[in-house]
**Student:** 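Take a look at this one; I'll ask things after.
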Amino acid sequence: NAGVTQTPKFQVLKTGQSMTLQCAQDMNHNSMYWYRQDPGMGLRLIYYSASEGTTDKGEVPNGYNVSRLNKREFSLRLESAAPSQTSVYFCASSDDPSTDTQYFGPGTRLTVL
Amino acid sequence: RKEVEQDPGPFNVPEGATVAFNCTYSNSASQSFFWYRQDCRKEPKLLMSVYSSGNEDGRFTAQLNRASQYISLLIRDSKLSDSATYLCVVNQAGTALIFGKGTTLSVSS
């Protein structure tokens, strides 16, 4: 049972380049999330998907887009990367967004030069 | 006022010590409360949920005071392996969790 997987683990981009971060979960969870974590800022929600076919903005959505491809997969896209998007990105999933534990992937460490 | 506030620490304690972390939250409608643990450069993992009646899991005790909007985590008999960052987490309007910035604990021998 892999839980939540993320690819890639590390990525270096130049300003203006685009990329997609992939996330998949095998726990049959309804809800999936994308967070970023910066030093001194804690975890901040970028986007979430409460169920397959729906997505909503979180606290810091600007510069990102998401796709809930199916129940298992939730991708995060940076269309034109900026140095301010240098961060660690975590994907998470849960069965019930109100009460259930969120399970996190191992993270993607992104540097934008 | 930030939604979830924690003392960032660091808390530096010797092995065997008892240490307590506190957390306050601003939304009185919050319904679910958790403590997560995050090791350096790793993903957060659930340590324990926090129930109104208080709950204990081995050396760890969590308490909730709804009237004061306050959550605590007590660690007894600290181990070297307890060194980590502890995140206070509160649900928000039934759709997403709000994470505190974390409290760093360092246990030394």
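Letters A, B, ... mirror the listed sequences (proteins, then strands); counts begin at 1. All heavy atoms count here, side chains included; hydrogens, waters and symmetry mates do not. Computed from a predicted model, the values in this text were never measured in an experiment.
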**Student:** Is it the backbone or the side chain of B:F33 that comes under 4.5 Å from a heavy atom of chain A, or both, or neither?
**Tutor:**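 Neither part, no heavy atoms under 4.5 Å.
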**Student:** Among A:Q37, A:R109, A:E59, which residue has the highest count of heavy-atom pairs closer than 4.5 Å to chain B?
**Tutor:**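 Between A:Q37, A:R109, A:E59, the count favours A:R109.
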**Student:** What part of B:I98 lies closer than 4.5 angstrom to a heavy atom of chain A: side chain, backbone, both or neither?
**Tutor:**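 Neither the backbone nor the side chain of B:I98 comes within 4.5 Å of chain A.
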**Student:** Looking at every heavy atom in both B:Q38 and B:P44, which two are closest together, and how far apart are they?
**Tutor:**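 Closest heavy-atom pair between B:Q38 and B:P44: NE2-CD, 3.8 Å.
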**Student:** Can a salt bridge be assigned to the pair B:D39 and B:K45 using a cut-off of 4.0 Å between side-chain N and carboxylate O?
**Tutor:**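 The answer is no: the pair does not qualify as a salt bridge.
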**Student:** Quiz question: by atom type and distance under 3.5 Å, do the side chains of B:T24 and B:Q69 form a donor-acceptor pair?
**Tutor:**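 On atom types as modelled, these side chains do not qualify, holding no pair under 3.5 Å.
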**Student:** Compute the ring centroids of A:Y47 and A:Y33, then answer whether they are less than 6.0 Å apart.
**Tutor:**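 Ring centres of A:Y33 and A:Y47 not closer than 6.0 Å.
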